Amino acid sequence: MAEKTKEEKKKVAPKKKAVVKKEPKKMKTPQTLRGMKDILPQDGKIWRHILDIAQGITTAYNFQYVETPIVEEAKLFVRTIGKGTDIVSKEMYSFEDADGSKLALRPEGTASIARSYINNGLLTQPQPVKMWYYGPMFRRERPQAGRYRQFHQFGCEIIGDADPVADAQLIVMGYNFYKDLGIETNVNVNSIGTPDDRERYLVELVGYLRSKRSYLSEESRKRISKNPLRILDSKDPQDQEVVAEAPQIIDWLSENSRQYFMSVLEYLDQLDIPYVLKPTLVRGLDYYTDTVFEFFDANAPEKSQSALGGGGRYNILVETLGGEPTPATGFAIGIDRVVDIIRKRVNGGKYTIESPLLSLYFAHLGEPAKKQSLHLIEELRRNGINLYHDLGKPSLKAQLERANKIEATHAIILGQKEMQDGTIIIRDMSSGIQEIVDQKKLAREIHKIQKNLKK
Ligand code: HAM
């Protein structure tokens, strides 16, 4: 048989390929990491509310908002929080960058603020510098209720003020923050003196703990040489018996530190803050000097991981980081723990987050009205009026259902008839009374309603 020419070969109908129906490849949905969580829409209102209170209180006490990066050089935390602390030795997320530098996700905010103070020459600004911050922190702890690996702190730092009144005012500020949220707190306070005081005390404490070694828990026995102060904090009943008889740091304070602490307590008395002197309170970070304090929910038992916030003076931190010797003091509040408390109270009907007096929902009917809505919504926004809307929902019924659901006080309705005559409806959602107004006068009318509501 003669061979087929190229042309003939082309004409041969191509074989039909069997069509294999391809299922889209579905991956197993990734989960959040252990100890990390999403903040969900139903909790958004609670978070915003708490941050509004933080904003209000920091404004009242003249603090400026600042932010520092989430990733820093690891040594910033190792040198300041301390090598022997749990935070640095066990819990820090540290890693090597592509260029070999050792980095870490910040486990707290104070060291970064002190670094920023030095780096940015804040020493040349009028002292003290009062700063507040809010943001995620990371500690690879064993997760449990109220203890997360990514959590959020609201913190306040006063750098450049050596007066004991600054410590007292910070304690009042923290106390009032919780009070504004309806949370009654117990404030524990103590003084850990200067590094020299601590060194002398540690000799005594370690001697005592060694003599009681056999009565201590396994964990505390390991801590005698690594981090003996942490044993004072132990919630293990076996350890607590030993700690109850241990020498107290307060008896080892130098005269200056003792006087200083007395002044802090006097100011707290002046301010009527119900504090508790806690001789075993030492805090888990190395940079502290003199005053230390912690806040606990007065309506819940105190557990080792249940502090709602804590802080203290840290006069050696700026110098440790290579700056001029600079006195400083501050606190940080664990916002996730505060959210957990408020959420429980909101769900149990024991706490209400005030809704704004006026809450508007913009509804439309039909395509032309939808287009006109885009303009009207922008115009209202320019006039400082915010609205909820679902322009993607064509059904008026569905839109009004939503207005009810979000508890809008008023619905603004743009229907076909209103489109024709340049008007718009304002409906009072509780009484059902409707008012028809000129579209051009809408902003003015809404401002009028707002004024009347405030009366
Ligand atoms: P801190 O005691 O380590 O202090 O943390 C402050 C607060 O952050 C704690 O009282 C707690 O409410 C919250 N917190 C800590 N770890 C977790 C966690 N794993 N999960 C949820 N919440 C947590 C500091 O960080 C210091 N920088 C405070 C300070 C500021 N001192 C002076 N200025």
Side-chain angles (χ1 to χ4, degrees), residues 33-37 39 50 54 63 66 68 72 76-77 80-82 85-88 90-93 105-117 128-159 161 166-167 169-171 173-174 177-178 183 185-190 192 230 233 281-297 300 302-318 327-341:
L33 301 176
R34 211 163 106 76
M36 305 205 177
K37 62 182 171 4
I39 297 173
I50 294 169
F63 282 70
V66 295
T68 57
E72 297 266 10
L76 168 64
F77 305 113
T80 59
I81 298 171
T85 61
D86 284 355
I87 298 179
V88 167
K90 296 189 198 157
E91 299 163 0
M92 201 155 75
Y93 283 93
L105 300 186
R106 62 178 182 194
E108 58 107 46
T110 312
S112 306
I113 296 282
R115 175 202 51 67
S116 171
Y117 177 90
V129 183
K130 295 163 87 175
M131 296 170 267
W132 78 279
Y133 55 92
Y134 163 78
M137 308 291 160
F138 303 83
R139 295 183 195 175
R140 204 174 185 290
E141 296 193 67
R142 199 164 45 78
Q144 54 176 245
R147 197 206 269 161
Y148 308 100
R149 288 181 171 178
Q150 177 176 336
F151 58 99
H152 301 76
Q153 281 185 349
F154 150 49
C156 291
E157 315 286 356
I158 304 180
I159 305 194
D161 192 341
D167 300 9
Q169 276 200 309
L170 279 167
I171 294 174
M173 214 180 144
F177 167 78
Y178 300 113
I183 302 172
T185 49
N186 290 333
V187 190
N188 294 341
V189 292
N190 194 21
I192 55 167
R230 278 307 304 276
D233 225 14
L281 174 64
V282 287
R283 313 263 302 126
L285 303 97
D286 279 1
Y287 53 61
Y288 288 116
T289 52
D290 291 304
T291 324
V292 285
F293 55 90
E294 267 176 352
F295 299 97
F296 285 87
D297 181 355
E302 274 182 31
K303 288 191 242 140
S304 60
Q305 292 297 334
S306 68
L308 295 184
R313 187 158 271 285
Y314 48 94
N315 290 345
I316 49 171
L317 179 56
V318 174
T329 179
F331 69 72
I333 286 170
I335 292 298
D336 306 66
R337 293 182 185 173
V338 177
V339 168
D340 289 345
I341 294 176

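Each residue takes its place number in the sequence, starting with 1. Here the structure is a predicted model, which means the values were calculated and not measured. Note that ligands are numbered from 1 as they come in the structure, with each ligand's atoms numbered from 1 the same way.
To the nearest 0.5 Å, atom CD of residue E108 and atom OH of residue Y287 are 3.5 Å apart. Y178 OH to I50 CD1: the interatomic distance, rounded to the nearest 0.5 Å, is 10.5 Å. In this structure, the separation between CZ on F293 and CZ on R283 is 8.0 Å, given to the nearest 0.5 Å. A distance of 4.5 Å separates NE2 of H152 from CD1 of I39, quoted to the nearest 0.5 Å. Note: E294 CD to N190 CG = 10.5 Å, rounded to the nearest 0.5 Å.
Residue contacts with ligand 1: L285 is placed with no nitrogen or oxygen under 3.5 Å of a nitrogen or oxygen of the ligand (distance criterion only). For D336, no nitrogen or oxygen atom sits less than 3.5 Å from a nitrogen or oxygen atom of ligand 1, counting backbone and side chain alike. In terms of N/O distances under 3.5 Å, ligand 1 is approached by E108. Backbone and side-chain nitrogen or oxygen atoms of R139 are examined, and one is located within less than 3.5 angstrom of a nitrogen or oxygen of ligand 1. Backbone and side-chain nitrogen or oxygen atoms of E294 are examined, and none is located within less than 3.5 angstrom of a nitrogen or oxygen of ligand 1. Among the atoms of L308, some N or O lies under 3.5 angstrom from an N or O of ligand 1.
Annotation for P327 and N315: closest pair CA-OD1, 3.3 Å, computed over non-hydrogen atoms. Taking every heavy atom of both residues into account, G109 and M137 meet most closely at N-SD, 3.8 Å.
The residue from F63, F154, F295 that alone fulfils the ring pair (Phe, Tyr, Trp, His ring centres under 6.0 Å) condition with F177 is F154. Of the candidates L317, T68, V318, T110, R115 forms a side-chain contact (heavy atoms from CB on, under 4.5 Å) with just one, namely T68.
In this structure, R34 contributes its side chain and R142 its backbone to no donor-acceptor pair below 3.5 Å. Between the side chain of T80 and the main chain of L76, a donor-acceptor pair closer than 3.5 Å is present. Side-chain N or O atoms of R230 include none that pairs as donor or acceptor with a backbone N or O of T85 at under 3.5 Å. Under a 3.5 Å cut-off, the side chain of R337 and the backbone N or O of L308 do not form any donor-acceptor pair.
Atoms of ligand 1 found under 4.0 Å from any heavy atom of G310, numbered from 1 in the order shown, are 10 (O), 28 (C), 29 (C). Atoms of ligand 1 lying under 4.0 Å from any heavy atom of T110, numbered from 1 in the order shown and given with element: 26 (C), 27 (N), 29 (C), 30 (C), 31 (N), 32 (C), 33 (N). Counting the atoms of ligand 1 from 1 in the order shown, those under 4.0 Å from a heavy atom of Y314 are 32 (C), 33 (N). Atoms of ligand 1 found under 4.0 Å from any heavy atom of E141, numbered from 1 in the order shown, are 16 (N), 17 (C), 18 (C), 19 (N). For ligand 1 and E157, the ligand atoms under 4.0 Å from any heavy atom of the residue are 30 (C), 32 (C), 33 (N). Which parts of ligand 1 touch G309 is read off a 4.0 Å heavy-atom cut-off, strictly below it: atoms 10 (O), 12 (O). For ligand 1, the atoms closer than 4.0 angstrom to any heavy atom of G334 are 7 (C), 8 (O), 12 (O), 13 (C). Close contacts of ligand 1 with G330, meaning ligand atoms under 4.0 Å from a residue heavy atom, involve 30 (C), 31 (N), 32 (C), 33 (N).
With a 4.0 Å cut-off on non-hydrogen atoms, Q153 touches ligand 1 through its side chain and not its backbone. Contacts between R147 and ligand 1, counted as non-hydrogen atom pairs separated by less than 4.0 Å, involve both the backbone and the side chain. The side chain of Y287, and not its backbone, has at least one atom closer than 4.0 Å to an atom of ligand 1 (non-hydrogen atoms only; side chain from C-beta on). At a heavy-atom distance under 4.0 Å, no atom of F295 approaches ligand 1.
Look at A111 and you'll find every heavy atom at least 4.0 Å from all atoms of ligand 1. Using a 4.0 Å cutoff on heavy atoms, H152 does not count as a contact of ligand 1.
Side chains of R149 and P143 form a contact here, defined as non-hydrogen atoms less than 4.5 Å apart. Put simply, the side chain of P107 reaches to within 4.5 Å of the side chain of I81, judged on heavy atoms.
Checking G312, A307, C156, G146 against atom 9 (C) of ligand 1, the nearest heavy atom belongs to A307.
In terms of protein heavy-atom proximity, atom 31 (N) of ligand 1 is closest to Y288 OH, 2.6 Å. Residue, atom and distance of the protein heavy atom nearest to atom 14 (N) of ligand 1 are F151 CE1, 3.5 Å. Among protein heavy atoms, atom 1 (P) of ligand 1 sits closest to R283 NH2, 3.6 Å. Of all protein heavy atoms, the one closest to atom 20 (N) of ligand 1 is Y148 N, 2.9 Å.
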